[in-house]
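The next block holds one structure in the form of structure tokens; read it before the comments.
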There are 2 protein chains.
Amino acid sequence: MSRRTPGLEEYLESLYKLSDGRVGEPVTTSALASDLGVAPASVTEMVKRLGEQGLVEHVPYKGASLTDTGLTEGAAMVRNHRLWERFLVDVLRMDWDEVHDEACALEHATSPHLAEHLAAFLSNPETCPHGYPLPPTTAAGRVVRKGNSGPSPNASGRPLYDLEPGFVGEVSAVEETPELLRYCAEAGLVPGARVTVVSRHPIEPILEVRVGESGQAAGRTLSVGPRLGRCVRVK
Amino acid sequence: MSRRTPGLEEYLESLYKLSDGRVGEPVTTSALASDLGVAPASVTEMVKRLGEQGLVEHVPYKGASLTDTGLTEGAAMVRNHRLWERFLVDVLRMDWDEVHDEACALEHATSPHLAEHLAAFLSNPETCPHGYPLPPTTAAGRVVRKGNSGPSPNASGRPLYDLEPGFVGEVSAVEETPELLRYCAEAGLVPGARVTVVSRHPIEPILEVRVGESGQAAGRTLSVGPRLGRCVRVK
DNA sequence: TTTATAATTTAGGTAGACCTAAATCCAAAT
DNA sequence: ATTTGGATTTAGGTCTACCTAAATTATAAA
Ligand SMILES: [Mn+2]
Ligand SMILES: [Mn+2]
Ligand SMILES: [Mn+2]
Ligand SMILES: [Mn+2]
């Protein structure tokens, strides 16, 4: 006697991301609470409801973990979210720092049928504009999940800040904080951009990074601190 | 202490359509209840809430009417709804009989800013796929409303069933019932299609109608009864 | 092993959005 | 001017999703 409501879907989405797409991976109440911006007590309650619907397994004081069906629903939400982001940026030409909130609302108003049409129209994208992967689906539109663990919903690559001078690679993902995203777009730090770690400051926690064509001519040099450098991943 | 929630927005949307886009036009509790598929008692309660927020004026036992701000919000919902329908049919290639419900969910997950981008991408359409007009907006994106009454959100044209033999015109709108829409699409009774009323049956309540190119050759002849004929409007 | 600290759950409460059943009102027919 | 049937509102109840404050529990330090 109750379907998946936008509220419950948010919990599943968060659970899916926090458990890295793995069935049975426990997530703490406080991790969920801080991710959802909600009081811990609310999480406890909500998780109980999800448990009654067979979407999560809850061990009191230990954590909540997604069941098979819970994982599927959570993955679908993350997929919807990232599909819409792709659409908003690529098709409607919105800025990549303003699409997260819009997608977060749209994802709950998206039937599986609509998601299929949208994905087909977008030629089945593999990542969102920020570089995070879309959970894949079968031909029938169900989210793929092989055996006990599916692919990770989190970004690949290592944080830019942890790289050694001399490293050359390309940006794989940027964490989606509006202010940060605006700066990164400005600086050319977008998924696919070539980056070269030039040097690390001997005293201060600063990395010199060249962004853009790795050829001798072009490319702008940036100073990257830990704040920015841990939000940009490179592979 | 409470924003416009999907629930309230549905009431405003319905109020806007039922009052034909006019400020101060009273709508009965039962009209709202039946349009929204909800008990009359629920409407009374909800209308009280809308009143507290200054969106409607409620005269007990008489009816509810939209205020200026209520009209603007209602119009925006209708506009969002019809924009999404256009998108789903024209861009995602969904069938016109399945887009109403999808749009009804999406409309509440659409910020004014998103609506602007969507409208621009669709080249500011004037009608939804079923022929109903989109409430227009100003350059700033606010829904237009001049003086006391704006443009009607309802379809123009006369019901096909009420026309006299000899009448030639084109379909302006079709009422959005899935089953009916499927039949109409099949029969070519879509907005813009040319129709000629051939004759009215002397005994039975049936109209013979030619659909398609009015030129001598093409065009299919259909028997139209009151059920269908009152759902198709022609101008 | 005890104790303290932080995480978690329980208790109790609010507000929204619905419902059914029981008054109440109004307007139209007598 | 009454009557009365249908529309409307009120009363009382449910369920969801939040909250704060007060227990409770687990674990890391002493
Ligand atoms: Mn979300
Ligand atoms: Mn993203
Ligand atoms: Mn609607
Ligand atoms: Mn329509």
Side-chain angles (χ1 to χ4, degrees), chain A residues 1-16 18-19 25-66 70 73-74 77 101 104-105 107-109, chain B residues 1-16 18-19 25-66 70 73-74 77 101 104-105 107-109:
Chain A
M1 43 210 60
S2 101
R3 61 249 152 262
R4 309 104 215 129
T5 171
L8 292 191
E9 288 179 348
E10 277 295 302
Y11 280 82
L12 292 173
E13 183 190 8
S14 183
L15 244 352
Y16 178 74
L18 294 175
S19 60
E25 183 81 5
V27 176
T28 64
T29 298
S30 49
L32 268 174
S34 97
D35 191 57
L36 293 166
V38 121
S42 307
V43 173
T44 304
E45 228 186 82
M46 218 55 181
V47 152
K48 200 175 63 192
R49 254 198 277 283
L50 288 166
E52 281 159 11
Q53 296 188 222
L55 297 163
V56 310
E57 193 84 42
H58 183 217
V59 183
Y61 292 102
K62 202 242 174 185
S65 61
L66 288 169
E73 306 251 329
M77 278 317 118
D101 291 350
C104 204
E107 71 198 15
H108 307 293
Chain B
M1 43 214 60
S2 102
R3 62 251 150 261
R4 309 105 216 127
T5 169
L8 291 192
E9 288 178 349
E10 277 295 302
Y11 280 81
L12 292 173
E13 183 189 9
S14 183
L15 243 351
Y16 178 74
L18 294 174
S19 60
E25 183 81 4
V27 177
T28 64
T29 299
S30 49
L32 267 175
S34 98
D35 191 57
L36 293 166
V38 120
S42 307
V43 172
T44 303
E45 229 185 83
M46 217 56 180
V47 153
K48 201 176 60 192
R49 254 197 278 284
L50 288 165
E52 282 159 11
Q53 296 189 220
L55 298 162
V56 309
E57 193 85 40
H58 184 219
V59 183
Y61 293 103
K62 201 239 171 186
S65 60
L66 287 169
E73 306 251 330
M77 279 315 120
D101 291 349
C104 203
E107 70 197 14
H108 307 292

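In what follows, every chain begins at residue 1, and chains take the letters A, B, ... in the order their sequences are listed.
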Is any side-chain heavy atom of B:Glu25 closer than 4.5 Å to one of B:Ser65?
no

Nearest to the side chain of A:Ala41, heavy atoms from C-beta on, is which of D:dT10, C:dT9, D:dC18?
C:dT9

Whether A:Ser42 contacts D:dC19 is assessed here as follows: a side-chain N or O lying under 4.0 Å from the phosphate OP1 or OP2. Is that the case?
yes

Tell me the interatomic distance from B:Arg49, atom CZ, to C:dG16, atom P, rounded to whole angstroms.
5 Å

Is any side-chain nitrogen or oxygen of B:Ser30 closer than 4.0 Å to OP1 or OP2 of D:dT8?
yes

Sub-4.5 Å side-chain heavy-atom contact between B:Leu66 and B:Leu12:
yes

Expressed as a whole number of angstroms, how long is the span from B:Glu10:CD to C:dG16:P?
18 Å

Select one nucleotide: of C:dC19, D:dT8, C:dA17, the one nearest the side-chain heavy atoms of B:Val38.
C:dC19

Assign A:Val43 to base, sugar-phosphate, or nothing according to its heavy-atom contacts below 4.0 angstrom with the strands shown.
nothing

Between C:dC19, D:dT8, D:dT16, which nucleotide has the shortest distance from any of its atoms to the side chain of A:Thr5?
D:dT16

Can you tell me which nucleotide in D:dT20, C:dA17, C:dT8 comes closest to the side chain of B:Leu8?
C:dA17

Grab the CG-P distance between B:Leu36 and C:dC18 for me, whole Å please.
8 Å

Rounded to the nearest Å, what distance is computed from the OH atom of residue A:Tyr61 to the P atom of nucleotide D:dT25?
5 Å

For A:Tyr11 and B:Ala31, take the nucleotide of DNA chain D holding the closest heavy atom to each; which residue's nucleotide lies nearer the 5' end?
B:Ala31

Nucleotide C:dT8, atom P - distance to NZ of A:Lys62 in whole Å:
12 Å

Can you find a heavy atom in the side chain of B:Tyr11 that is under 4.5 Å from one in the side chain of B:Val38?
yes

Considering heavy-atom distances to DNA chain D, does B:Pro60 or A:Pro6 have its closest nucleotide positioned more toward the 5' end?
B:Pro60

Protein-nucleotide distance (A:Leu32, atom CG; D:dC18, atom P), rounded to Å:
12 Å

Any B:His58 side-chain N or O less than 4.0 Å from OP1/OP2 of D:dT8
no

Gap between atoms CD and C1', on A:Glu45 and D:dA17 respectively (whole Å):
7 Å

In the structure I gave you, are the side-chain heavy atoms of B:Glu10 and B:Glu107 within less than 4.5 Å of one another anywhere?
yes

Would you mind telling me which of D:dA17, C:dC25, C:dT8 lies closest to the side-chain atoms of A:Thr28?
C:dT8

Rounded distance (Å) that lies between atom P of D:dT16 and atom CD of A:Glu9:
15 Å

Touch check for A:Thr29, heavy atoms < 4.0 angstrom, all strands: base, sugar-phosphate only, or nothing?
sugar-phosphate

Salt bridge check: are B:Glu45 and B:Arg49 linked by an N-O gap of less than 4.0 Å?
yes

